[in-house]
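Working notes, structure below.
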Amino acid sequence: MTNDLAFLMDYGAEMMVEITRFWASIVTYNPDLDHYEICGVVGSDEYHTAYLDAKTPGINNNTYTNLMAVWTLCRTLPWVTRLRR
């Protein structure tokens, strides 16, 4: 974090909240595995767009995508909380 509170107050916090809302809107709960999944995404290299012989596009639980979602979710609340002070 750069500690640029002006940017965070003017733009960053709103962007992070909206990105967090996006991630929350695309996850699905898998009761068989008792965890949430992000399905049907394109890999970060943009070459992995589907499984071989798949009828639908996308990769399920892409590591990079999942890590970026977790990173965003873990940081948004502390940043917003910090701005409220």
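Heavy atoms only: backbone and side chains are in, while hydrogens, waters and symmetry mates are out.
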Separation between [atom1] of [X] and [atom2] of [Y], rounded to the nearest 0.5 Å:
X	Y	atom1	atom2	answer
T72	W23	OG1	CH2	7.0 Å
Y64	I59	OH	CD1	16.0 Å
L73	M68	CG	CE	11.0 Å

Closest heavy-atom pair and its distance - [X], [Y]:
X	Y	answer
C39	N60	CB-OD1, 3.1 Å
F7	M15	CZ-CE, 3.8 Å
M16	W79	CE-CZ3, 3.5 Å
S44	N62	N-ND2, 4.4 Å
A13	L83	CB-CD1, 3.4 Å
T65	V42	OG1-O, 4.3 Å

Would you say [X] and [Y] are hydrophobically clustered, going by side-chain heavy atoms of ILVMFWY under 4.5 Å?
X	Y	answer
Y29	L33	no
W71	L77	no
I19	V27	yes

**Message:** If you count heavy atoms of other groups shown closer than 6.0 angstrom to CD of E14, is the number above 12?
**Reply:**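 Not more than 12 within 6.0 Å, no.
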**Asked** Between Y36 and N66, is any pair of side-chain heavy atoms under 4.5 Å apart?
**Response**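 Side chain of Y36 against side chain of N66, heavy atoms only: no contact under 4.5 Å found.
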**Prompt:** Can you check whether V17 reaches T76 side chain to side chain, under 4.5 Å on heavy atoms?
**Reply:**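 Result yes, sub-4.5 Å side-chain heavy-atom pair found.
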